[in-house]
Amino acid sequence: MTKTAERLPAAAAPQAPPPAPAGGGRGRRAFADQVRAYGFLLGGLLCFALFSWYPAIRAVVIAFQRYTPGSAPEWVGTANFRRVLADPEFGAAWRNTLTFTVLALLIGFAVPFVLALVLNELRHAKAFFRVVVYLPVMIPPVVSALLWKWFYDPGAGLANETLRALHLPTSNWSNGTDTALVSLVIVATWANLGGTVLIYLAALQSIPGELYEAAELDGANLLQRVRHVTIPQTRFVILMLMLLQIIATMQVFTEPFVITGGGPESATVTVLYLIYKYAFLYNDFGGACALSVMLLVLLGAFSALYLRLTRSEGDA
């Protein structure tokens, strides 16, 4: 027995487990993974740096310079800000922008929510009506504005022709100082309605049906179910869309540029339209960048609030 045991091959002996990789090896592999990941992101980062970050930083610098094409920039400190603040159109532009934002929240916030509630209750042709509601989003903004400009034409426009056919008084629509801004709000609401409705619809369909059944058993009517079930269950989506709408509507430009040209009597001049006038009509890039920095600070505050709320919701 002893001799047989001595003649057993060495491979039959149990093998020791391989040594664990050193910490340095793991660190090198993790570093290599990071390098590969940032290599894939390099193209996107370069695009952001070239077309987003550099123009933003450059605009902040020009805001403190006297800058016109073909001449060397001259550092003037806060002179551009003082000149812009003294412009009579500055107050009108901010007043029109804030009024537009408030009206857009009153009209463009309630209408999509109500439409989403209606679409959520449909039992037939739901897909068709979703496409119909989303259709304006697929139209280019300039084309949409041109269509509404014809629609609002005080002479042969479709709006006044319809009112005449119904024997109702006509309106100046976008040509009246008291109706122009409201007319632009209607255009912006119609153009951006579809995306907001679909987001609300997705939020509504995520609400458990048991909550509505319990509310019905308790005798709640439709309005009570919306108030005590729908709104509480979608409050985060409502708040997020409200903040995003504020950020978007404070940058309104296409509608006043195409439909009204800022008129009549500066009734539809917005901050972004005034920036355009400073840059491309007055050839004053310093003043345009000064206005841009003011708008950047305000929108940055709303963006920070949006990020804070989304982060808090994600942590919850």
Exercise. Say whether, by atom type as modelled, one donor and one acceptor occur between the side chain of Asn96 and the main chain of Ser266 under 3.5 angstrom.
Key: yes
Quiz item: Does Pro154 offer a backbone N or O that forms a donor-acceptor pair with the side chain of Asn160 under 3.5 Å?
Solution: yes
Quiz item: In terms of hydrophobic clustering (I, L, V, M, F, W, Y; side-chain heavy atoms under 4.5 Å; direct or indirect links), are Phe302 and Ile275 co-clustered?
Solution: yes
Exercise. Ignoring hydrogens and angles, tell me if any N or O in the side chain of Asn192 forms a donor-acceptor pair with the backbone of Ala188 under 3.5 Å.
Key: yes
Quiz prompt | Arg58 atom CZ: more than 12 heavy-atom contacts under 6.0 Å | solution = yes
Quiz item: More than 12 foreign heavy atoms under 6.0 Å from CZ of Arg164: is that the case here?
Solution: yes
Quiz item: Is the side chain of Ser144 donor-acceptor paired with the backbone N or O of Pro140 at a distance under 3.5 Å, no angle test?
Solution: no
Quiz item: Does the side chain of Thr230 pick up a donor-acceptor pair with the side chain of Tyr212 at under 3.5 Å?
Solution: yes
Quiz item: Quick check: does any side chain N or O of Ser52 sit under 3.5 Å from a backbone N or O of Ala49, one acting as donor and the other as acceptor?
Solution: no
Practice problem: For the residue pair Glu265 and Thr177, confirm or rule out a side-chain donor-acceptor distance under 3.5 Å. | Solution: no
Quiz item: CZ/Arg95 to OG1/Thr270 distance, rounded to the nearest 0.5 angstrom?
Solution: 13.0 Å
Exercise. Using the side-chain hydrogen bond (donor to acceptor under 3.5 Å, both in side chains) rule, take Tyr278 and Asp87 through it: C-alpha gap first, then chi angles, then the decisive distance, then the call.
Key: CA-CA 11 Å; Tyr278 266 92; Asp87 188 349; 2.6 Å; yes
Self-check item: Check: Thr101 main-chain N/O paired with Thr249 side-chain donor or acceptor under 3.5 Å
Solution: no
Quiz item: What closest approach, in Å, do Val293 and Ala63 show between heavy atoms, and which atom pair accounts for it?
Solution: CG2-CB, 3.9 Å
Self-check item: Arg83 CZ: over 12 foreign heavy atoms closer than 6.0 Å
Solution: yes
Quiz prompt | Minimum heavy-atom distance Gly108-Thr189, with the two atoms named | solution = CA-CG2, 3.6 Å
Self-check item: Side chain Glu216, main chain Glu213, donor-acceptor under 3.5 Å
Solution: no
Quiz item: Step by step, would you call Tyr200 with Thr234 a side-chain contact (heavy atoms from CB on, under 4.5 Å)?
Solution: CA-CA 8 Å; Tyr200 278 136; Thr234 58; 5.8 Å; no
Practice problem: Examine Val143 and Val132 and state if one hydrophobic cluster contains both, with Ile, Leu, Val, Met, Phe, Trp and Tyr joined whenever side-chain heavy atoms are less than 4.5 Å apart. | Solution: yes
Exercise. Give, for atom CG of Leu147 and atom CD1 of Ile139, the distance between the pair rounded to the nearest 0.5 Å.
Key: 6.5 Å
Quiz item: Using a distance-only test with no angle check, is there a side-chain donor-acceptor pair under 3.5 angstrom linking Trp173 and Asp153?
Solution: no
Quiz item: Between Gln245 (side chain) and Ala104 (backbone), is there a donor-acceptor pair under 3.5 Å?
Solution: yes
Quiz prompt | Taking every non-hydrogen atom, the tightest pair across Ile259 and Val187 | solution = CD1-CG2, 4.0 Å
Exercise. I would like to know whether Val237 and Leu241 meet side-chain contact (heavy atoms from CB on, under 4.5 Å); could you show each step before the answer?
Key: CA-CA 6 Å; Val237 175; Leu241 287 177; 4.0 Å; yes
Quiz item: Transitively linked via ILVMFWY side-chain contacts under 4.5 Å: Trp53 with Val61?
Solution: no
Quiz prompt | Gap between atom CG of Leu117 and atom CZ of Arg225 - 0.5 Å precision | solution = 11.0 Å
Practice problem: For residues Ala180 and Gly263, report the shortest heavy-atom separation together with the two atoms involved. | Solution: CB-O, 4.4 Å
Quiz prompt | CZ-CD1 distance between Arg235 and Ile231, expressed to the nearest 0.5 angstrom | solution = 11.5 Å
Quiz item: Parallel, tilted or perpendicular: which fits the ring planes of Trp148 and Trp190, with parallel below 30° and perpendicular above 60°?
Solution: perpendicular
Quiz item: Can you find a heavy atom in the side chain of Tyr134 that is under 4.5 Å from one in the side chain of Leu198?
Solution: yes
Exercise. Measure from the side-chain N and O atoms of Arg66 to the backbone N and O of Gly286, and report whether any donor-acceptor pair falls under 3.5 Å.
Key: no
Quiz item: Hey, quick one: are Phe285 and Leu85 part of the same hydrophobic cluster, counting side-chain heavy atoms closer than 4.5 Å, chains of contacts allowed?
Solution: no
Self-check item: Heavy-atom closest contact (Lys126 atom, Asn120 atom, distance)
Solution: NZ-O, 3.7 Å
Exercise. Working to the nearest 0.5 Å, report the span between OG1 of Thr254 and CG of Leu146.
Key: 10.5 Å
Quiz item: Any side-chain donor paired with an acceptor under 3.5 Å for Asp284 and Tyr67?
Solution: no
Quiz prompt | From Thr196 atom OG1 to Ile238 atom CD1, the distance as rounded to the nearest 0.5 Å | solution = 12.0 Å
Quiz item: In terms of hydrophobic clusters joined by side-chain contacts under 4.5 Å, are Trp94 and Tyr282 together?
Solution: yes
Exercise. Give a yes or no answer on whether the side chain of Gln251 reaches the backbone of Ile247 with a donor-acceptor pair at less than 3.5 Å.
Key: yes
Exercise. Starting from the C-alpha separation in whole Å, work towards a yes-or-no answer on side-chain contact (heavy atoms from CB on, under 4.5 Å) for Glu74 and Gln65.
Key: CA-CA 5 Å; Glu74 177 186 353; Gln65 295 177 336; over 6 Å; no
Quiz item: Near Tyr54 OH, under 6.0 Å, is it more than 12 heavy atoms from other residues, nucleotides or ligands?
Solution: no
Quiz prompt | side-chain contact (heavy atoms from CB on, under 4.5 Å) evaluation trace for Val185 with Phe100 | solution = CA-CA 7 Å; Val185 171; Phe100 186 96; 3.5 Å; yes
Quiz item: Mind checking whether Tyr276 and Tyr273 have parallel, tilted or perpendicular rings, split at 30° and 60°?
Solution: tilted
Practice problem: Could you pull out the closest heavy-atom pair between Pro232 and Val226, with the gap in Å? | Solution: CD-O, 4.3 Å
